[in-house]
Amino acid sequence: MSKPCVVPVAALLGLAMSAAAPAQSPIRFREVARDWGLEFKHHNGGSGKRYYPETDGSGVVIFDYDHDGDPDVLFIDSAELPGYQGESPRSILYRNDGPGRFVDVTDRARLSVTGYGMGGSSADYDGDGDLDLYVTHFRENQLFRNNGDGTFSDVTAAAGVGDPRWSMSAAFADLDRDGDLDLYVTNYIDYSLDKPTLCYNEMLGVGAFCHPELFDALPDRYYRNRGDGSFVERTAEAGFAIGAGKAMGVVITDLDNDDWLDVYVANDTTPNSFFRSRGDGTFDDASLVSGTAFGDTGLAEAGMGVAAADVDEDGLVDLYVTNFALETNALYRNLGNGVFVDARTALGVAQPSLVLLGFGTLFADFDLDGDVDLAVANGHILDNVELMEERADLTYRQPNQILENLGGGRFRELTDSGLDVIAASRGMASADLDADGDVDLVITNSNDVAEVYENVSTPGGGWLAVDLGPAPGSALAIGSRLELLSGGTRQSRDVMPVDSYLSQSCQTARFGVIAIDSGLELRVRWSDARRTRYTDLPAGRRVRLWRREPTEKRARENR
């Protein structure tokens with residue numbers, strides 16, 4: 001392990017510290033999609049026959065595609081299915097033109113998502129300093145190379161990553177630690193439109209979406225980056241082929257604190273998958289021994305979305321998985337050494353999720369009080385569930401949720417958070433869209449308009465935002481862990497390639513800062529396990545940090 005380098009950042013920036021923060025207030029959001037120009041409607045391409053893919057989209061990717069320092073938003077749409085009549089589905093890229101103003105630049109960017117879109121992920125896979133884009137589909141996926149001039153080129157065939165099956169989430173990460181970004185793709189079930197399986201409730205005389213147990217699982221795919229702009233499929237060789245599940249969400253982070261990235265996958269009706277790194281670019285299936293494969297009843301659950309964070313600030317990354325209605329969502333508390341305990345009831349997340357069906361989810365410090373809160377997007381998959389179930393509290397359109405972290409990883413649901421739209425929600429991502437220092441939310445809804453929420457909470461403290469170099473979404477940045485020391489407290493954030501469901505949040509690490517009258521210390525463990533320590537960081541600023549040789553290390557204010 002190399003000795004950390006110490007960099008006095010405030011001295012380099014010449015910035016004064018922020019004034020004392022106002023008193024803490026409840027977390028509160030305001031819906032601003034129309035006001036900000038982010039008007040997107042998802043089209044499931046359905047005609048009433050209830051083809052299975054109709055119910056699962058769609059995702060949203062927040063990334064700085066034009067490298068101008070502010071986050072842009074890509075909404076992923078689906079496509080026409082047999083018998084569909086209506087306006088043509090269209091994925092839309094919105095450029096951020098300053099706080100509260102977004103512009104549709106899809107055509108100008110030459111971004112043509114041509115398949116039945118599901119989700120996506122963004123990273124600098126070719127190491128040229130800008131963010132590329134991978135979009136998953138029901139059928140063949142697409143890889144778009146960023147040309148560096150505000151446009152994209154479809155390089156799927158040349159790169160060799162056009163998986164023709166039903167893919168869901170995807171994530172770029174340097175899993176073999178060779179300096180470039182590999183690609184992990186989750187695949188769902190074997191479903192064909194040539195001979196589609198359609199389901200019908202004879203007792204009620206209505207059609208219904210089929211249960212996933214009727215279909216075989218598809219194995220995920222792992223593509224190793226060759227370093228020349230192309231990939232080679234190495235799923236079996238890396239140890240990912242064992243125990244294929246019906247995969248939905250994925251997170252990649254260091255779950256056992258051994259400085260190597262692990263892979264965790266949320267599977268639908270099959271045991272969740274925990275692939276633990278051996279430290280050589282290959283993986284062991286540690287799903288059963290980790291305690292994260294099954295729910296608290298000992299049964300496999302219908303995992304949809306997944307989020308990871310150190311919720312109790314003990315230095316270990318915990319896992320949250322959204323599940324089907326009446327199963328409750330899971331919070332696996334990390335005990336260390338790759339072992340977890342299901343603490344959903346003890347930590348307060350079980351009861352609020354009982355009658356809801358969770359999809360997208362993420363952790364963020366919405367109130368800037370120094371710990372991560374939890375957001376969940378909910379919506380049933382059965383558009384006629386009110387006819388199918390006798391319980392009046394099981395509905396198709398459902399409220400989304402904010403759960404406040406009370407400290408120590410204990411959560412309580414907030415009933416007046418401002419997430420007021422009731423819909424069949426799916427994807428969720430976060431970013432500081434208006435450059436005011438706090439975290440905003442974007443939520444997609446199945447066959448409906450998306451929601452965009454401005455964070456209007458009165459903060460409980462100051463803030464610090466950190467981007468890691470040398471380039472956004474680089475192999476050196478993705479997979480890094482940041483630890484902020486302030487006023488005797490410790491917070492950690494991981495730069496993860498994706499989380500949630502079909503979605504990706506902005507990869508800027510954000511901290512709420514309570515003690516802002518003294519310099520902040522930040523410790524960075526980069527993705528290659530080297531350490532750097534930065535001192536005297538300023539609160540109330542967004543900074544970009546590079547890792548250079550000690551005599552060349554520097555930082556600059558990004559905004």
- Message: Checking side-chain polar atoms at under 3.5 Å, does Thr235 have a donor or acceptor matched by the opposite partner on Glu233?
- Response: yes
- Hey, is CZ on Arg397 packed in by over 12 heavy atoms from elsewhere, all under 6.0 Å?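 No, not enclosed.
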- Task: Could you tell me whether Asp216 atom CG has more than 12 heavy atoms of other residues or ligands within 6.0 Å of it?
- Result: no
Between [X] and [Y], is there a side-chain N and carboxylate O pair less than 4.0 Å apart?
| X | Y | result |
| --- | --- | --- |
| Arg90 | Asp107 | yes |
| Glu301 | Arg344 | yes |
| Arg95 | Asp68 | no |
| Asp163 | Arg165 | yes |

- Looking at side-chain heavy atoms only, is the closest gap between Ser273 and Phe275 below 4.5 Å?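 Counting from C-beta outward, Ser273 and Phe275 do come under 4.5 Å.
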- Note on the structure: Closest non-hydrogen atoms of Phe215 and Cys210, given as atom of the first, atom of the second and distance, are CE1-CB, 3.8 Å
- Query: Does Phe144 have its ring centroid less than 6.0 Å away from the ring centroid of Tyr134?
  - Reply: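 No, the ring centres sit 6.0 Å or more apart.
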- Query: Can you check whether His380 and Phe324 have ring centres sitting under 6.0 Å from each other?
  - Reply: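 Aromatic pair counts; centres sit under 6.0 Å.
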- Query: Can you name the side chain to side chain donor-acceptor pair (under 3.5 Å) partners of Tyr332, sequence neighbours left out?
  - Reply: none
- Would you kindly check if the NZ (Lys) or CZ (Arg) of Arg234 is within the cone defined by 45 degrees around the ring axis of Tyr222 and under 6.0 Å from the six-membered ring centre?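 No; the conditions do not both hold, so Arg234 does not lie above the ring face of Tyr222.
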- Item | Qualifying residue for salt bridge (charged side-chain N to carboxylate O under 4.0 Å, His left out) with Arg145, from Asp132, Asp130, Asp126, Asp124 |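 Running salt bridge (charged side-chain N to carboxylate O under 4.0 Å, His left out) over Asp132, Asp130, Asp126, Asp124 with Arg145 returns exactly one hit, Asp126.
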